[in-house]
Amino acid sequence: MQEAMIKRAKELLAEGTVNRVMGWQAGEFAYDITPTVFSSADELDKAFVYNDFCSANVSKYMIKESRKEGKILCFLKPCDSYSFNQLLAEHRIWRDNVYIIGIPSYGKVDVNKVRAKGVTGITGIHTDGPNVVVETIYGSETMVKMDVMEDRCLCCKSKKHMVYDELLGEEGEVLQSNRFEQVEALENMTPEERYEFWRSELSKCIRCNACRNVCPACTCENCVFDNPASGVANKAPSSDFEENMFHIIRAFHVAGRCTDCGECSRVCPQNIPLHLLNRKFIKDINELYGTYQAGEDKDARGPLTNFTVDDCEPSIVHHRRG
Amino acid sequence: MQVEETKEFKPTIVAFCCNWCSYAGADLSGTNRLNYPANVKIIRVPCSCRVNPMFILRAFQRGADGVILCGCHPGDCHYTTGNYYARRRMTLLFSMLDFLGIEKERTRVEWVSAAEGAKFAATMNDFVATITKLGENRRLEDIRCKKQ
Ligand code: SF4
Ligand code: SF4
Ligand code: FES
């Protein structure tokens, strides 16, 4: 895949269709993948990588990049294409300035799961059928891909591209996913258990704001969390309340727009399962207002900017489940 | 040292009332000399949909034990559709609070028109009774804001 991508990118650069390429390069370590803009064939040859560690969703970068001079080439995995489409729906991206190549994704690898198998000194990775081969300074290790796949990929919602100019590889299908199972498990607990669960999770938050910054649905120029008067601005939470407040509001602000890309949980250095908060909103929206997938149809009206006269009353929360 | 234990718990209730219906309803219940507890603090908002989820959380932070939002009946909003949007937002917010294990009885939405002074008083009495039974807000409190 990587070769095909570089080849096509060079062609598009050479013919002048685009003047930059959004892609990935390895950071200090092979698994430490960083989204990067390349502006020449040389740079592509030198640093462009695409492998099982390239899980970063680059659609959010297109907000700024599409406002620059000339077209940019952007590679989108199916789940990234949902985020991109949602940003189009919100008029955040200048579509004419982006050339999209849809690329398939068969799941990305979570380096922590690889490390948990005792593998160190990682220098590279490639897929080999149902397995991945992890190259290390001590030789290579083969493991079953499913065992080291990111959690969010294990319950992938779709392999279909929502928006593209051309496709490399085959187009997939929307999948049946069991992604709400964990939410259900929590719903079935008692309020006390849920409270304990979330206290133990949210109290780990160091307020690095990575979850906010990475989120492709979270794109305001002036964020409420940067406002010192909000009481929850850019500092380590100093009380339980601030932790709850930050997380409730963060999730609420993307409710109805969150495509469930899973980036928030991926980047959290504290491994807080933030996707459970977003998925709770998605599940509620599906159950109360009809199934809705953000990013699927860029002309659809979002569930929170819409209503029907016979929507349920908020008291439904009191009656549903125990 | 003897700690005073018999002090009766008087919950603090914050009621967001839309200017055009519920606030007028509260007024009417006053002019009709209907009783509702003095610990209900009314905050007047232009419309129920003015209420941002942050307001609700902030009220809890600053010491509320229960928060209620009152607006015009669906269909009667002064701005036509404000309360329809508020209804969805509050439903999702309350459900999220419940998901985090915060007692769901602490939040409520009621539609009260300008003519429903009696309903306003009854709603407040009922809500205060519920919260009194539930006790102090512990799960969404901010200890820094507590009176010593
Ligand atoms: S990424 Fe994790 S630690 Fe950082 S602010 Fe978000 S939840 Fe907190
Ligand atoms: S909230 Fe998380 S899952 Fe949802 S769009 Fe943002 S980063 Fe993706
Ligand atoms: S004006 Fe009363 S709810 Fe909108």
Side-chain angles (χ1 to χ4, degrees), chain A residues 183 186-187 189-199 201-202 224 230-232 238-242 244-249 251-253 255-256 276-285 287-289 302-322, chain B residues 48-49 51-64 67-71 73-77 80-111 130 134 137-146:
Chain A
V183 176
L186 271 164
E187 285 171 346
M189 292 179 179
T190 65
E192 287 66 34
E193 288 167 340
R194 282 201 294 272
Y195 182 74
E196 287 310 321
F197 172 83
W198 283 111
R199 283 299 344 126
E201 289 296 342
L202 299 185
V224 60
S230 72
V232 280
S238 42
S239 73
D240 297 3
F241 178 82
E242 276 183 16
N244 288 334
M245 167 104 130
F246 173 74
H247 289 283
I248 295 169
I249 299 296
F252 196 93
H253 280 187
L276 294 180
L277 295 173
N278 306 308
R279 277 190 193 153
K280 170 65 178 165
F281 277 128
I282 297 174
K283 184 167 180 288
D284 277 349
I285 288 168
E287 286 172 5
L288 301 173
Y289 308 121
L304 277 166
T305 48
N306 205 356
F307 65 86
T308 65
V309 289
D310 36 41
D311 278 344
C312 59
E313 292 297 324
S315 59
I316 193 169
V317 174
H318 301 178
H319 310 314
R320 283 201 307 175
R321 294 175 281 263
Chain B
S48 61
C49 87
V51 175
N52 174 329
M54 199 95 143
F55 292 7
I56 309 263
L57 300 183
R58 185 71 81 208
F60 282 118
Q61 178 186 26
R62 301 285 160 85
V67 181
I68 182 166
L69 168 62
C70 301
H73 284 270
D76 291 345
C77 171
T80 323
T81 54
N83 49 11
Y84 288 126
Y85 293 106
R87 185 159 67 175
R88 283 201 171 186
R89 279 178 212 154
M90 291 305 132
T91 307
L92 291 180
L93 177 69
F94 295 177
S95 178
M96 179 52 75
L97 293 177
D98 175 42
F99 190 60
L100 293 179
I102 290 147
E103 305 92 336
K104 51 189 167 193
E105 295 84 358
R106 288 198 192 280
T107 43
R108 198 183 282 190
V109 169
E110 287 288 346
W111 312 119
T130 307
L134 207 58
N137 161 32
R138 283 269 171 238
R139 298 189 177 168
L140 211 50
E141 70 176 358
D142 191 333
I143 39 167
R144 297 167 305 173
C145 297
K146 288 274 156 168

Find the distance between CZ (Phe241(A)) and CG (Leu140(B)) and round it off to the nearest 0.5 Å. 5.5 Å
Can you tell me which portion of Gln61(B) sits under 4.5 Å from chain A's heavy atoms? Options are side chain, backbone, both or neither. both
Under 4.5 Å from a heavy atom of chain B, the part of Thr190(A) involved: neither
Segment of Leu97(B) engaging chain A (4.5 angstrom heavy-atom cut-off): side chain
Taking all heavy atoms of Pro314(A) and all of Thr91(B), pick out the closest pair and write down the distance. CA-OG1, 3.4 Å
Asn52(B) CG to His253(A) NE2 distance, which is reported to the nearest 0.5 Å: 5.5 Å
For the CG atom of Leu288(A) and the CG atom of Leu92(B), what is their distance to the nearest 0.5 Å? 7.0 Å
Between Asp240(A) and chain B, which part of the residue has a heavy atom less than 4.5 Å away: side chain, backbone, both or neither? neither
Checking Leu304(A) against chain B: side chain, backbone, both or neither under 4.5 Å from a heavy atom? both
For Val183(A), is it the side chain, the backbone, both, or neither that has a heavy atom closer than 4.5 Å to a heavy atom of chain B? both
What pair of heavy atoms forms the shortest contact from Arg88(B) to Thr308(A), and how long is it? NH2-N, 3.9 Å
Heavy-atom distance under 4.5 Å to chain A: side chain of Arg144(B), backbone, both or neither? side chain
Looking only at non-hydrogen atoms, find the nearest pair between Ile249(A) and Met54(B) and report the distance. CG1-SD, 3.5 Å
Please give me the minimum heavy-atom distance between Ile248(A) and Met96(B), naming the atom from each residue. CG2-CG, 4.5 Å
Check the pair Phe252(A) / Leu93(B) against side chain to side chain contact (heavy atoms under 4.5 Å, CB included), numbers first and verdict last. CA-CA 7 Å; Phe252(A) 196 93; Leu93(B) 177 69; 4.0 Å; yes
Taking atom CD1 of Ile316(A) and atom CZ of Phe94(B), what is their separation to the nearest 0.5 Å? 13.5 Å
Chain A contact via Pro74(B) - side chain, backbone, both or neither, heavy atoms under 4.5 Å: side chain
Can you tell me how the ring of Phe307(A) sits relative to the ring of Tyr85(B), calling it parallel under 30°, perpendicular over 60° and tilted otherwise? perpendicular
Considering all heavy atoms, the nearest Trp111(B)-Glu313(A) contact: NE1-OE1, 2.7 Å
Atom pair CZ/CE of Phe60(B) and Met245(A) - distance to nearest 0.5 Å: 12.5 Å
Sort Leu277(A) into side chain, backbone, both or neither according to what part of it lies under 4.5 angstrom from a heavy atom of chain B. both
Quick check for you: to the nearest 0.5 Å, what is the distance between Lys280(A) atom NZ and Asp98(B) atom CG? 6.5 Å
